[in-house]
Amino acid sequence: MPTPKSHSAKPSLMLFSGETPGRTFELERDVTTIGRSSKSDIVLSRISVSRKHAQVLREGESYYFEDLGSDSGSRVDGKPVRGRVPLNDGSLIEISRYFFSFSDPSFHIDEDSESVILGSIDLSSSVDDRGLFVKPEEKLRHILELSRNLGDTLHLDSVLAKTLETLFNIFPHADRAFVVLKEGDEIDEVPRAIKFRGGQPGDCFMSRTVFNLVMNEGKGILSTDVPRDDRLADAKSINASNVRTMMCVPLLDQQQQPRGILQLDTRQELGKFRQDDLDLLAAVAVLVGVAVDNARLHAAQIERIEIEVEERDARQVQLAFLPNDLPMLEGYEFWHSYEPSRFVGGDYFDYLPVEYSVGGQPVRWFVALGDVVGKGMPAALLMARLSAEVRLLVLSGLEPAAIVARLNHDFCRPGIEHRFITILLLLLDGANHQITVVSAGHMGPMVRRADGRIEVVGEESAAYPIGIEPDTVYRSSTADVRRGDTVILYTDGVNEVMNPAGKLLGTDRLMDTLRRSSGTSSEVGESILKAVRDHAAGKPQSDDITLICFTRL
(Lines give C-alpha, C1' and ligand atoms only; values in the text may rest on other atoms or scores of the structure.)
Protein backbone atom coordinates (compact mmCIF):
# COMPACT_ATOMS: atom_id res chain seq x y z
CA MET A 1 0.00 0.00 0.00
CA PRO A 2 1.44 3.44 -0.93
CA THR A 3 2.66 5.57 1.97
CA PRO A 4 0.29 8.47 2.64
CA LYS A 5 1.75 11.91 1.98
CA SER A 6 0.63 15.28 3.23
CA HIS A 7 1.44 18.88 2.44
CA SER A 8 0.49 22.43 3.39
CA ALA A 9 -2.91 23.60 2.19
CA LYS A 10 -1.49 27.00 1.19
CA PRO A 11 0.70 27.57 -1.89
CA SER A 12 4.18 26.57 -0.72
CA LEU A 13 7.56 25.06 -1.48
CA MET A 14 8.59 21.99 0.50
CA LEU A 15 12.31 21.22 0.67
CA PHE A 16 12.85 17.46 0.60
CA SER A 17 16.57 17.39 -0.21
CA GLY A 18 18.96 19.75 1.57
CA GLU A 19 19.99 20.84 5.05
CA THR A 20 16.43 20.85 6.43
CA PRO A 21 14.36 18.29 4.51
CA GLY A 22 10.65 18.57 5.19
CA ARG A 23 10.75 22.32 5.80
CA THR A 24 7.87 24.19 4.15
CA PHE A 25 8.04 27.76 2.87
CA GLU A 26 4.63 29.38 2.38
CA LEU A 27 4.47 31.64 -0.68
CA GLU A 28 2.59 34.60 0.75
CA ARG A 29 4.35 37.37 -1.21
CA ASP A 30 4.11 38.38 -4.84
CA VAL A 31 7.87 37.74 -5.13
CA THR A 32 9.73 35.09 -3.10
CA THR A 33 13.50 35.23 -3.64
CA ILE A 34 15.82 32.21 -3.44
CA GLY A 35 19.61 32.39 -3.14
CA ARG A 36 22.74 32.31 -1.02
CA SER A 37 22.33 35.91 0.12
CA SER A 38 21.10 36.34 3.69
CA LYS A 39 18.56 38.81 2.32
CA SER A 40 16.82 36.09 0.31
CA ASP A 41 13.42 34.86 1.49
CA ILE A 42 14.69 31.27 1.11
CA VAL A 43 18.40 31.03 1.92
CA LEU A 44 20.42 28.12 0.44
CA SER A 45 23.95 27.92 1.83
CA ARG A 46 25.86 25.83 -0.75
CA ILE A 47 28.55 27.72 -2.65
CA SER A 48 27.15 26.47 -5.96
CA VAL A 49 24.01 28.54 -5.34
CA SER A 50 24.21 32.11 -6.65
CA ARG A 51 23.57 34.97 -4.24
CA LYS A 52 20.46 35.88 -6.24
CA HIS A 53 19.64 32.55 -7.83
CA ALA A 54 15.92 32.46 -8.58
CA GLN A 55 12.49 33.67 -7.55
CA VAL A 56 8.89 32.48 -7.41
CA LEU A 57 6.37 35.00 -8.74
CA ARG A 58 2.67 35.24 -7.94
CA GLU A 59 0.46 36.81 -10.57
CA GLY A 60 -3.21 36.60 -9.70
CA GLU A 61 -3.94 32.94 -9.00
CA SER A 62 -0.92 31.66 -10.96
CA TYR A 63 2.67 30.99 -9.86
CA TYR A 64 5.86 31.10 -11.93
CA PHE A 65 9.48 30.12 -11.36
CA GLU A 66 12.23 32.32 -12.77
CA ASP A 67 15.98 31.73 -12.83
CA LEU A 68 17.86 35.03 -12.33
CA GLY A 69 20.83 34.17 -14.53
CA SER A 70 22.42 31.88 -11.94
CA ASP A 71 25.79 30.21 -12.56
CA SER A 72 24.61 26.64 -11.98
CA GLY A 73 21.12 27.03 -13.38
CA SER A 74 17.75 25.60 -12.28
CA ARG A 75 15.34 22.90 -13.42
CA VAL A 76 11.59 22.52 -13.17
CA ASP A 77 10.19 19.02 -13.69
CA GLY A 78 13.59 17.95 -15.01
CA LYS A 79 13.81 20.65 -17.70
CA PRO A 80 16.36 23.51 -17.61
CA VAL A 81 14.73 26.86 -16.94
CA ARG A 82 15.17 29.63 -19.45
CA GLY A 83 13.50 32.75 -18.14
CA ARG A 84 10.08 32.21 -16.54
CA VAL A 85 8.09 28.96 -16.45
CA PRO A 86 4.65 28.26 -14.91
CA LEU A 87 4.37 26.10 -11.79
CA ASN A 88 1.68 23.49 -11.32
CA ASP A 89 0.64 21.64 -8.20
CA GLY A 90 3.35 19.02 -7.69
CA SER A 91 6.03 20.69 -9.83
CA LEU A 92 9.56 19.59 -8.88
CA ILE A 93 12.20 22.36 -8.64
CA GLU A 94 15.93 21.62 -8.60
CA ILE A 95 18.53 24.23 -7.55
CA SER A 96 22.12 22.94 -7.16
CA ARG A 97 21.09 19.60 -5.61
CA TYR A 98 18.36 21.26 -3.54
CA PHE A 99 14.97 19.79 -4.44
CA PHE A 100 11.64 21.51 -3.76
CA SER A 101 8.09 20.37 -4.37
CA PHE A 102 5.61 23.11 -5.29
CA SER A 103 2.17 22.71 -3.74
CA ASP A 104 -0.86 24.74 -4.81
CA PRO A 105 -4.04 22.94 -3.72
CA SER A 106 -7.37 24.65 -4.20
CA PHE A 107 -10.89 24.14 -2.95
CA HIS A 108 -14.04 24.61 -5.01
CA ILE A 109 -17.69 24.51 -4.07
CA ASP A 110 -19.48 24.15 -7.38
CA GLU A 111 -23.16 24.40 -8.15
CA ASP A 112 -24.54 21.01 -9.18
CA SER A 113 -27.71 19.00 -9.39
CA GLU A 114 -28.97 16.99 -6.45
CA SER A 115 -26.41 14.60 -5.01
CA VAL A 116 -27.14 10.96 -4.19
CA ILE A 117 -27.27 10.99 -0.39
CA LEU A 118 -27.10 7.48 1.05
CA GLY A 119 -26.96 8.43 4.70
CA SER A 120 -26.79 11.35 7.11
CA ILE A 121 -26.31 12.12 10.79
CA ASP A 122 -27.53 15.23 12.61
CA LEU A 123 -24.51 16.45 14.56
CA SER A 124 -26.07 19.76 15.60
CA SER A 125 -27.67 17.91 18.54
CA SER A 126 -25.56 16.22 21.20
CA VAL A 127 -23.44 13.32 19.97
CA ASP A 128 -23.07 10.25 22.12
CA ASP A 129 -20.74 7.29 21.63
CA ARG A 130 -22.14 6.40 18.17
CA GLY A 131 -19.47 4.85 16.01
CA LEU A 132 -17.32 3.57 18.85
CA PHE A 133 -18.64 0.06 18.47
CA VAL A 134 -18.16 -0.28 14.74
CA LYS A 135 -15.26 -2.72 14.39
CA PRO A 136 -14.50 -1.92 18.03
CA GLU A 137 -11.03 -3.37 18.58
CA GLU A 138 -9.14 -1.60 15.81
CA LYS A 139 -11.15 1.56 15.35
CA LEU A 140 -11.62 2.21 19.04
CA ARG A 141 -7.85 1.96 19.46
CA HIS A 142 -7.30 4.59 16.77
CA ILE A 143 -9.88 6.93 18.27
CA LEU A 144 -8.32 6.64 21.73
CA GLU A 145 -4.92 7.25 20.18
CA LEU A 146 -6.28 10.32 18.38
CA SER A 147 -7.78 11.61 21.62
CA ARG A 148 -4.40 11.32 23.37
CA ASN A 149 -2.57 12.92 20.47
CA LEU A 150 -4.95 15.85 20.29
CA GLY A 151 -4.45 16.41 23.99
CA ASP A 152 -0.69 16.77 23.44
CA THR A 153 -0.86 19.86 21.24
CA LEU A 154 -2.61 23.21 21.08
CA HIS A 155 -1.26 24.14 17.66
CA LEU A 156 -4.05 24.09 15.09
CA ASP A 157 -1.99 22.76 12.19
CA SER A 158 -0.65 19.93 14.36
CA VAL A 159 -4.18 19.08 15.49
CA LEU A 160 -5.36 18.77 11.90
CA ALA A 161 -2.28 16.86 10.71
CA LYS A 162 -2.69 14.25 13.48
CA THR A 163 -6.39 13.98 12.70
CA LEU A 164 -5.89 13.25 9.02
CA GLU A 165 -3.09 10.79 9.74
CA THR A 166 -5.33 8.85 12.11
CA LEU A 167 -8.22 8.88 9.65
CA PHE A 168 -6.02 7.25 7.03
CA ASN A 169 -5.26 4.48 9.53
CA ILE A 170 -8.93 4.02 10.36
CA PHE A 171 -10.05 4.12 6.70
CA PRO A 172 -7.29 2.41 4.64
CA HIS A 173 -9.41 2.74 1.48
CA ALA A 174 -9.59 6.54 1.73
CA ASP A 175 -7.73 8.34 -1.08
CA ARG A 176 -7.97 11.88 0.24
CA ALA A 177 -8.97 13.82 3.34
CA PHE A 178 -9.17 17.55 3.84
CA VAL A 179 -10.38 20.15 6.32
CA VAL A 180 -11.89 23.53 5.45
CA LEU A 181 -12.46 26.05 8.23
CA LYS A 182 -14.44 29.22 8.60
CA GLU A 183 -12.45 32.40 9.14
CA GLY A 184 -14.90 34.75 10.83
CA ASP A 185 -18.17 34.40 8.96
CA GLU A 186 -16.58 33.38 5.66
CA ILE A 187 -15.51 29.90 4.58
CA ASP A 188 -11.84 29.88 3.60
CA GLU A 189 -11.39 28.97 -0.06
CA VAL A 190 -8.11 27.19 0.72
CA PRO A 191 -8.20 23.98 2.80
CA ARG A 192 -6.40 24.36 6.11
CA ALA A 193 -5.09 20.79 5.84
CA ILE A 194 -5.00 18.08 3.14
CA LYS A 195 -3.75 14.51 3.15
CA PHE A 196 -3.65 12.18 0.19
CA ARG A 197 -2.53 8.65 -0.52
CA GLY A 198 0.07 8.31 -3.26
CA GLY A 199 0.70 10.90 -5.99
CA GLN A 200 -0.10 14.59 -5.83
CA PRO A 201 -3.74 15.60 -5.34
CA GLY A 202 -5.68 17.63 -7.82
CA ASP A 203 -8.08 20.35 -6.83
CA CYS A 204 -10.45 19.63 -3.95
CA PHE A 205 -14.04 19.62 -5.15
CA MET A 206 -17.13 19.63 -3.01
CA SER A 207 -20.80 19.44 -3.91
CA ARG A 208 -22.86 22.55 -3.14
CA THR A 209 -25.70 20.27 -2.04
CA VAL A 210 -23.46 18.47 0.42
CA PHE A 211 -21.83 21.68 1.57
CA ASN A 212 -25.17 23.30 2.41
CA LEU A 213 -26.35 20.27 4.36
CA VAL A 214 -23.13 20.11 6.36
CA MET A 215 -22.54 23.81 7.06
CA ASN A 216 -26.12 25.09 7.28
CA GLU A 217 -27.84 22.16 8.95
CA GLY A 218 -24.95 20.57 10.86
CA LYS A 219 -25.47 17.18 9.18
CA GLY A 220 -22.90 14.51 8.39
CA ILE A 221 -23.37 13.26 4.82
CA LEU A 222 -22.56 9.95 3.04
CA SER A 223 -22.76 10.06 -0.77
CA THR A 224 -21.68 7.42 -3.28
CA ASP A 225 -21.38 6.38 -6.97
CA VAL A 226 -22.13 9.93 -8.08
CA PRO A 227 -20.42 9.78 -11.51
CA ARG A 228 -22.59 6.81 -12.56
CA ASP A 229 -25.87 8.45 -11.66
CA ASP A 230 -27.65 9.98 -14.68
CA ARG A 231 -29.27 12.61 -12.51
CA LEU A 232 -25.78 13.99 -11.73
CA ALA A 233 -24.31 13.89 -15.20
CA ASP A 234 -23.68 17.64 -15.00
CA ALA A 235 -22.38 17.64 -11.44
CA LYS A 236 -18.96 19.17 -12.22
CA SER A 237 -17.74 19.18 -8.64
CA ILE A 238 -17.97 15.42 -8.25
CA ASN A 239 -17.50 14.26 -11.84
CA ALA A 240 -14.26 16.22 -12.20
CA SER A 241 -12.69 14.41 -9.27
CA ASN A 242 -14.10 10.91 -10.09
CA VAL A 243 -15.21 10.43 -6.48
CA ARG A 244 -16.91 7.07 -5.91
CA THR A 245 -17.76 7.51 -2.27
CA MET A 246 -17.38 10.50 0.06
CA MET A 247 -18.19 11.35 3.66
CA CYS A 248 -18.42 14.90 4.97
CA VAL A 249 -19.08 15.98 8.56
CA PRO A 250 -19.20 19.37 10.27
CA LEU A 251 -16.70 20.48 12.90
CA LEU A 252 -18.78 22.05 15.65
CA ASP A 253 -17.71 24.72 18.11
CA GLN A 254 -18.73 24.94 21.77
CA GLN A 255 -22.05 26.47 20.75
CA GLN A 256 -22.70 23.47 18.48
CA GLN A 257 -22.38 25.66 15.40
CA PRO A 258 -20.45 24.40 12.31
CA ARG A 259 -17.07 26.12 12.05
CA GLY A 260 -15.71 23.95 9.27
CA ILE A 261 -15.98 20.63 7.44
CA LEU A 262 -14.01 17.37 7.40
CA GLN A 263 -14.29 15.32 4.22
CA LEU A 264 -12.96 11.88 3.19
CA ASP A 265 -13.38 10.43 -0.28
CA THR A 266 -12.28 7.36 -2.20
CA ARG A 267 -12.18 6.31 -5.84
CA GLN A 268 -11.83 2.60 -5.03
CA GLU A 269 -14.71 0.48 -6.35
CA LEU A 270 -14.32 -2.10 -3.58
CA GLY A 271 -13.73 0.37 -0.79
CA LYS A 272 -16.97 2.29 -0.58
CA PHE A 273 -17.84 4.02 2.68
CA ARG A 274 -20.89 2.77 4.57
CA GLN A 275 -23.23 4.19 7.18
CA ASP A 276 -21.20 2.76 10.05
CA ASP A 277 -18.14 4.58 8.63
CA LEU A 278 -20.09 7.82 8.72
CA ASP A 279 -21.08 7.08 12.32
CA LEU A 280 -17.45 6.64 13.22
CA LEU A 281 -16.34 9.81 11.40
CA ALA A 282 -19.04 11.70 13.30
CA ALA A 283 -17.51 10.53 16.58
CA VAL A 284 -14.07 11.64 15.41
CA ALA A 285 -15.49 15.03 14.37
CA VAL A 286 -16.64 15.68 17.94
CA LEU A 287 -13.08 15.21 19.23
CA VAL A 288 -11.61 17.29 16.44
CA GLY A 289 -14.15 20.10 16.84
CA VAL A 290 -13.23 20.47 20.51
CA ALA A 291 -9.50 20.35 19.69
CA VAL A 292 -9.89 22.98 16.95
CA ASP A 293 -11.80 25.24 19.34
CA ASN A 294 -9.11 24.82 22.01
CA ALA A 295 -6.34 25.47 19.51
CA ARG A 296 -7.99 28.65 18.31
CA LEU A 297 -8.57 29.86 21.86
CA HIS A 298 -4.94 29.10 22.66
CA ALA A 299 -3.75 30.95 19.56
CA ALA A 300 -5.92 33.94 20.48
CA GLN A 301 -4.48 33.93 24.01
CA ILE A 302 -0.93 33.76 22.67
CA GLU A 303 -1.71 36.65 20.33
CA ARG A 304 -3.09 38.70 23.23
CA ILE A 305 0.04 38.01 25.27
CA GLU A 306 2.27 39.00 22.35
CA ILE A 307 0.28 42.21 21.88
CA GLU A 308 0.61 43.02 25.58
CA VAL A 309 4.37 42.45 25.43
CA GLU A 310 4.62 44.64 22.34
CA GLU A 311 2.55 47.33 24.04
CA ARG A 312 4.78 47.27 27.11
CA ASP A 313 7.85 47.53 24.89
CA ALA A 314 6.23 50.35 22.93
CA ARG A 315 5.47 52.15 26.19
CA GLN A 316 9.13 51.98 27.20
CA VAL A 317 10.16 53.33 23.80
CA GLN A 318 7.61 56.13 23.99
CA LEU A 319 8.67 57.12 27.49
CA ALA A 320 12.20 57.47 26.11
CA PHE A 321 10.90 60.34 23.94
CA LEU A 322 9.64 62.20 27.02
CA PRO A 323 11.96 64.19 29.30
CA ASN A 324 13.43 62.44 32.33
CA ASP A 325 14.64 65.60 34.05
CA LEU A 326 12.98 68.88 34.90
CA PRO A 327 14.45 72.13 33.52
CA MET A 328 17.04 73.82 35.70
CA LEU A 329 16.31 77.55 35.61
CA GLU A 330 17.36 79.85 38.40
CA GLY A 331 14.38 81.32 40.24
CA TYR A 332 11.88 78.76 38.89
CA GLU A 333 10.47 75.38 39.96
CA PHE A 334 9.04 72.88 37.47
CA TRP A 335 6.72 69.89 37.92
CA HIS A 336 4.92 67.58 35.49
CA SER A 337 2.68 64.49 35.35
CA TYR A 338 2.03 62.16 32.42
CA GLU A 339 -0.64 59.40 32.55
CA PRO A 340 -1.52 57.67 29.24
CA SER A 341 -4.94 56.04 29.10
CA ARG A 342 -3.43 52.96 27.42
CA PHE A 343 0.00 51.37 27.23
CA VAL A 344 0.97 54.10 24.79
CA GLY A 345 -0.54 57.53 24.38
CA GLY A 346 -0.92 60.41 21.98
CA ASP A 347 0.12 63.17 24.39
CA TYR A 348 3.54 64.74 23.96
CA PHE A 349 5.62 67.17 26.00
CA ASP A 350 9.25 68.25 26.10
CA TYR A 351 11.67 70.81 27.57
CA LEU A 352 14.34 72.21 25.25
CA PRO A 353 17.01 74.76 26.30
CA VAL A 354 17.87 77.35 23.61
CA GLU A 355 20.04 80.02 25.27
CA TYR A 356 22.71 79.80 27.96
CA SER A 357 24.23 82.30 30.39
CA VAL A 358 27.91 83.11 30.62
CA GLY A 359 28.17 80.49 33.36
CA GLY A 360 26.71 77.80 31.06
CA GLN A 361 23.23 77.63 32.64
CA PRO A 362 20.15 77.74 30.37
CA VAL A 363 18.25 81.01 30.58
CA ARG A 364 15.61 80.34 27.88
CA TRP A 365 13.60 77.14 27.62
CA PHE A 366 11.04 75.92 25.12
CA VAL A 367 8.16 74.01 26.72
CA ALA A 368 6.20 71.99 24.12
CA LEU A 369 2.89 70.24 24.73
CA GLY A 370 0.89 68.35 22.11
CA ASP A 371 -2.12 66.08 21.77
CA VAL A 372 -2.48 63.76 18.75
CA VAL A 373 -6.07 63.04 17.77
CA GLY A 374 -6.93 59.41 18.50
CA LYS A 375 -5.36 56.87 20.80
CA GLY A 376 -3.16 53.80 20.76
CA MET A 377 -0.30 52.93 18.44
CA PRO A 378 -1.11 55.28 15.49
CA ALA A 379 -1.24 58.27 17.86
CA ALA A 380 1.98 57.13 19.58
CA LEU A 381 3.81 56.90 16.24
CA LEU A 382 2.78 60.44 15.30
CA MET A 383 3.80 61.59 18.76
CA ALA A 384 7.28 60.13 18.17
CA ARG A 385 7.57 61.94 14.85
CA LEU A 386 6.37 65.19 16.42
CA SER A 387 8.99 64.89 19.16
CA ALA A 388 11.82 64.49 16.66
CA GLU A 389 10.68 67.36 14.45
CA VAL A 390 10.19 69.79 17.34
CA ARG A 391 13.72 69.10 18.60
CA LEU A 392 15.18 69.63 15.13
CA LEU A 393 13.31 72.89 14.51
CA VAL A 394 14.13 74.30 17.93
CA LEU A 395 17.83 73.76 17.23
CA SER A 396 17.43 75.68 13.95
CA GLY A 397 16.91 78.94 15.90
CA LEU A 398 13.45 79.73 14.49
CA GLU A 399 10.96 81.80 16.47
CA PRO A 400 8.02 79.94 18.08
CA ALA A 401 5.43 80.93 15.44
CA ALA A 402 7.77 79.92 12.62
CA ILE A 403 8.43 76.55 14.28
CA VAL A 404 4.70 75.76 14.50
CA ALA A 405 4.16 76.89 10.91
CA ARG A 406 6.91 74.54 9.73
CA LEU A 407 5.46 71.66 11.76
CA ASN A 408 2.06 72.29 10.21
CA HIS A 409 3.53 72.27 6.71
CA ASP A 410 5.29 68.95 7.34
CA PHE A 411 2.25 67.24 8.89
CA CYS A 412 -0.04 68.32 6.04
CA ARG A 413 1.84 66.04 3.65
CA PRO A 414 -0.13 63.12 2.10
CA GLY A 415 -0.21 59.88 4.03
CA ILE A 416 -1.34 61.08 7.44
CA GLU A 417 -4.72 62.60 6.56
CA HIS A 418 -7.33 62.77 9.33
CA ARG A 419 -4.57 62.74 11.97
CA PHE A 420 -4.26 66.31 13.19
CA ILE A 421 -2.38 67.46 16.30
CA THR A 422 -3.07 70.28 18.73
CA ILE A 423 0.13 71.81 20.04
CA LEU A 424 1.12 74.53 22.47
CA LEU A 425 4.64 75.92 22.16
CA LEU A 426 5.82 78.16 24.99
CA LEU A 427 9.16 79.97 25.23
CA LEU A 428 10.13 80.93 28.78
CA ASP A 429 12.68 83.75 29.01
CA GLY A 430 14.21 83.37 32.45
CA ALA A 431 16.23 86.57 32.10
CA ASN A 432 13.29 88.84 31.26
CA HIS A 433 10.68 86.68 33.05
CA GLN A 434 8.37 86.54 30.07
CA ILE A 435 6.53 83.78 28.22
CA THR A 436 5.83 83.71 24.46
CA VAL A 437 2.98 81.38 23.50
CA VAL A 438 1.86 79.92 20.15
CA SER A 439 -1.31 77.79 20.10
CA ALA A 440 -2.29 75.44 17.25
CA GLY A 441 -5.77 74.46 18.35
CA HIS A 442 -4.66 73.86 21.94
CA MET A 443 -5.92 75.38 25.18
CA GLY A 444 -3.83 78.37 26.18
CA PRO A 445 -1.73 78.17 29.37
CA MET A 446 -3.37 79.39 32.58
CA VAL A 447 -1.41 81.79 34.74
CA ARG A 448 -2.36 81.97 38.39
CA ARG A 449 -1.12 85.29 39.65
CA ALA A 450 0.24 85.64 43.16
CA ASP A 451 -2.98 87.44 44.20
CA GLY A 452 -5.15 84.51 43.00
CA ARG A 453 -6.30 85.97 39.67
CA ILE A 454 -6.38 83.58 36.66
CA GLU A 455 -5.31 84.66 33.18
CA VAL A 456 -5.35 82.58 30.00
CA VAL A 457 -2.59 83.48 27.52
CA GLY A 458 -2.79 83.07 23.76
CA GLU A 459 -6.49 82.37 23.25
CA GLU A 460 -6.90 85.39 20.98
CA SER A 461 -4.06 84.24 18.69
CA ALA A 462 -4.89 80.52 18.54
CA ALA A 463 -5.16 78.96 15.05
CA TYR A 464 -5.95 75.57 13.49
CA PRO A 465 -4.28 72.40 14.79
CA ILE A 466 -1.34 71.28 12.69
CA GLY A 467 -2.10 68.85 9.87
CA ILE A 468 -5.34 70.49 8.65
CA GLU A 469 -4.58 73.54 6.49
CA PRO A 470 -1.03 73.93 5.12
CA ASP A 471 -1.31 77.72 4.71
CA THR A 472 -2.41 78.45 8.28
CA VAL A 473 -0.74 81.54 9.77
CA TYR A 474 0.32 81.27 13.42
CA ARG A 475 0.84 84.22 15.75
CA SER A 476 2.37 84.49 19.20
CA SER A 477 1.19 86.12 22.42
CA THR A 478 3.32 87.24 25.37
CA ALA A 479 2.82 87.68 29.12
CA ASP A 480 5.03 88.56 32.08
CA VAL A 481 5.73 86.08 34.87
CA ARG A 482 5.97 87.74 38.25
CA ARG A 483 7.16 86.39 41.59
CA GLY A 484 4.67 83.89 43.01
CA ASP A 485 2.97 83.31 39.63
CA THR A 486 2.31 79.73 38.52
CA VAL A 487 1.80 78.71 34.88
CA ILE A 488 0.00 75.48 33.96
CA LEU A 489 -0.16 73.72 30.58
CA TYR A 490 -2.51 70.76 30.15
CA THR A 491 -4.11 68.42 27.64
CA ASP A 492 -7.86 67.86 27.37
CA GLY A 493 -7.61 64.71 29.47
CA VAL A 494 -7.57 67.12 32.44
CA ASN A 495 -10.53 69.42 31.78
CA GLU A 496 -12.58 66.82 29.88
CA VAL A 497 -12.37 64.04 32.46
CA MET A 498 -15.84 62.57 32.86
CA ASN A 499 -17.64 61.34 35.97
CA PRO A 500 -19.92 58.25 36.04
CA ALA A 501 -22.91 60.48 35.22
CA GLY A 502 -21.23 61.68 32.01
CA LYS A 503 -20.46 65.22 33.21
CA LEU A 504 -17.16 66.86 32.31
CA LEU A 505 -14.89 68.54 34.84
CA GLY A 506 -14.81 71.63 32.63
CA THR A 507 -12.52 74.64 32.38
CA ASP A 508 -14.39 76.67 35.03
CA ARG A 509 -13.88 74.04 37.73
CA LEU A 510 -10.24 73.67 36.67
CA MET A 511 -9.83 77.45 37.17
CA ASP A 512 -11.52 77.25 40.57
CA THR A 513 -9.14 74.47 41.63
CA LEU A 514 -6.17 76.48 40.41
CA ARG A 515 -7.43 79.61 42.16
CA ARG A 516 -7.77 77.79 45.50
CA SER A 517 -4.37 76.12 45.18
CA SER A 518 -1.40 77.55 47.01
CA GLY A 519 2.29 76.90 47.23
CA THR A 520 4.74 76.00 44.48
CA SER A 521 4.27 74.14 41.21
CA SER A 522 4.32 70.64 42.73
CA GLU A 523 1.60 71.53 45.24
CA VAL A 524 -0.52 73.18 42.56
CA GLY A 525 -0.09 70.21 40.22
CA GLU A 526 -1.03 67.66 42.87
CA SER A 527 -4.16 69.61 43.82
CA ILE A 528 -5.30 69.62 40.18
CA LEU A 529 -4.72 65.87 39.82
CA LYS A 530 -6.70 65.30 43.01
CA ALA A 531 -9.59 67.31 41.58
CA VAL A 532 -9.43 65.20 38.41
CA ARG A 533 -9.50 61.91 40.36
CA ASP A 534 -12.29 63.12 42.65
CA HIS A 535 -14.41 64.13 39.69
CA ALA A 536 -13.84 60.79 37.89
CA ALA A 537 -15.05 58.97 41.04
CA GLY A 538 -13.54 55.68 39.93
CA LYS A 539 -14.57 55.89 36.26
CA PRO A 540 -11.74 54.43 34.12
CA GLN A 541 -9.47 56.95 32.43
CA SER A 542 -10.52 57.43 28.80
CA ASP A 543 -7.93 59.95 27.63
CA ASP A 544 -4.27 60.73 28.19
CA ILE A 545 -3.60 63.21 30.99
CA THR A 546 -0.58 65.50 30.80
CA LEU A 547 -0.07 68.42 33.16
CA ILE A 548 2.91 70.80 33.38
CA CYS A 549 3.34 73.46 36.07
CA PHE A 550 6.13 75.94 36.73
CA THR A 551 6.33 78.67 39.36
CA ARG A 552 8.50 81.76 39.60
CA LEU A 553 9.82 81.66 43.15
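From a predicted model like this one, the values you see are computed outputs, not experimental measurements.
- Between Phe349 and Tyr338, the ring-plane angle classifies as tilted under the 30° and 60° cut-offs.
- Side-chain atoms of Thr491 and Asp347 form a donor-acceptor pair, as typed in the model, at a separation below 3.5 Å.
- Here the closest non-hydrogen pair linking Lys539 and Asn499 is CD-O, 3.5 Å.
- Looking at Ser341 and Asp543, their side chains never bring a donor and an acceptor atom within 3.5 Å of each other.
- Here the straight-line distance linking atom CG of Leu426 with atom OG of Ser476 works out to 11.0 Å at 0.5 Å rounding.
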### Message
Set out, in order, the CA-CA distance, both residues' side-chain angles and the distance that settles side-chain contact (heavy atoms from CB on, under 4.5 Å) for Val56 and Phe100, then state yes or no.
### Response
CA-CA 12 Å; Val56 176; Phe100 293 88; over 6 Å; no

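- Shortest non-hydrogen contact noted between Phe65 and Asp67 is CE2-N, 4.1 Å.
- A donor-acceptor contact shorter than 3.5 Å is absent between the side chain of Glu526 and the backbone of Glu523.
- Checked options Thr486, Thr513, Leu547; the residue passing with Val524 is Thr486 (criterion: side chain to side chain contact (heavy atoms under 4.5 Å, CB included)).
- Counting heavy atoms from C-beta on, the side chains of Ile423 and Tyr474 never come closer than 4.5 Å.
- Side-chain contact of Ser48 with Ser72: a donor-acceptor pair under 3.5 Å is absent, judged by distance alone.
- Looking only at distances, no side-chain donor or acceptor of Glu339 sits under 3.5 Å from a matching main-chain atom of Gln541.
- Taking both residues in full, the closest heavy atoms of Pro500 and His535 are given as CD-O, 4.3 Å, listed atom of the first, atom of the second, then distance.
- Once rounded to the nearest 0.5 Å, the distance linking CD1 of Ile93 with CE of Met14 reads 12.0 Å.
- Of the candidates Asn408, Asp410, Ile403, Asp410 is the only one forming a side chain to side chain contact (heavy atoms under 4.5 Å, CB included) with Arg406.
- Residues Leu322 and Tyr348 approach most closely at CD2-CA, 4.5 Å, considering heavy atoms.
- In plain terms, the two heavy atoms of Arg448 and Ile454 that are nearest each other are CG-CD1, 3.6 Å.
- Among all heavy-atom pairs drawn from Leu505 and Ala531, the shortest one is CD1-O, 4.4 Å.
- Annotation: cation-pi pair Arg391/Phe321 absent, no NZ/CZ under 6.0 Å from the ring centroid and within 45° of its normal.
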### Task
Check the pair Glu399, Val438 against side-chain contact (heavy atoms from CB on, under 4.5 Å), reporting the backbone distance first and the verdict last.
CA-CA 10 Å; Glu399 291 299 314; Val438 179; over 6 Å; no

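- For Asp485 (side chain) and Ala450 (main-chain N/O), a donor-acceptor pair under 3.5 Å exists by modelled atom type.
- Applying the side chain to side chain donor-acceptor pair (under 3.5 Å) rule to pairs touching residues 420-433 yields Tyr332-His433, Thr422-His442, Asp429-Asn432, His433-Arg552, sequence neighbours excluded.
- A donor-acceptor pair is defined here as one N or O able to donate and one able to accept, closer than 3.5 Å; no such pair exists between the side chain of Thr33 and the backbone of Ser40.
- At a threshold of 4.5 Å between non-hydrogen side-chain atoms, the residues Phe102 and Leu27 count as touching.
- Residues Arg509 and Asp512 are not paired through a salt bridge, judged by the lack of any N-O separation under 4.0 Å between the basic side chain and the carboxylate.
- Judged by distance alone, the side chain of Asp253 and the main-chain N or O of Asp293 form no donor-acceptor pair under 3.5 Å.
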### Task
Apply the test side-chain contact (heavy atoms from CB on, under 4.5 Å) to residues Val367 and Leu424: give CA-CA distance (whole Å), side-chain angles for both, the deciding distance (0.1 Å), then the verdict.
CA-CA 8 Å; Val367 181; Leu424 187 65; over 6 Å; no

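- To the nearest 0.5 Å, the span separating CD on Glu330 from OG on Ser357 amounts to 8.5 Å.
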### Query
Could you go step by step and tell me if Leu489 and Phe550 meet the side-chain contact (heavy atoms from CB on, under 4.5 Å) rule?
CA-CA 9 Å; Leu489 295 75; Phe550 61 87; 4.1 Å; yes

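- Taking a cutoff of 4.0 Å between a charged side-chain nitrogen and a carboxylate oxygen, Asp451 and Arg449 do not qualify as a salt bridge.
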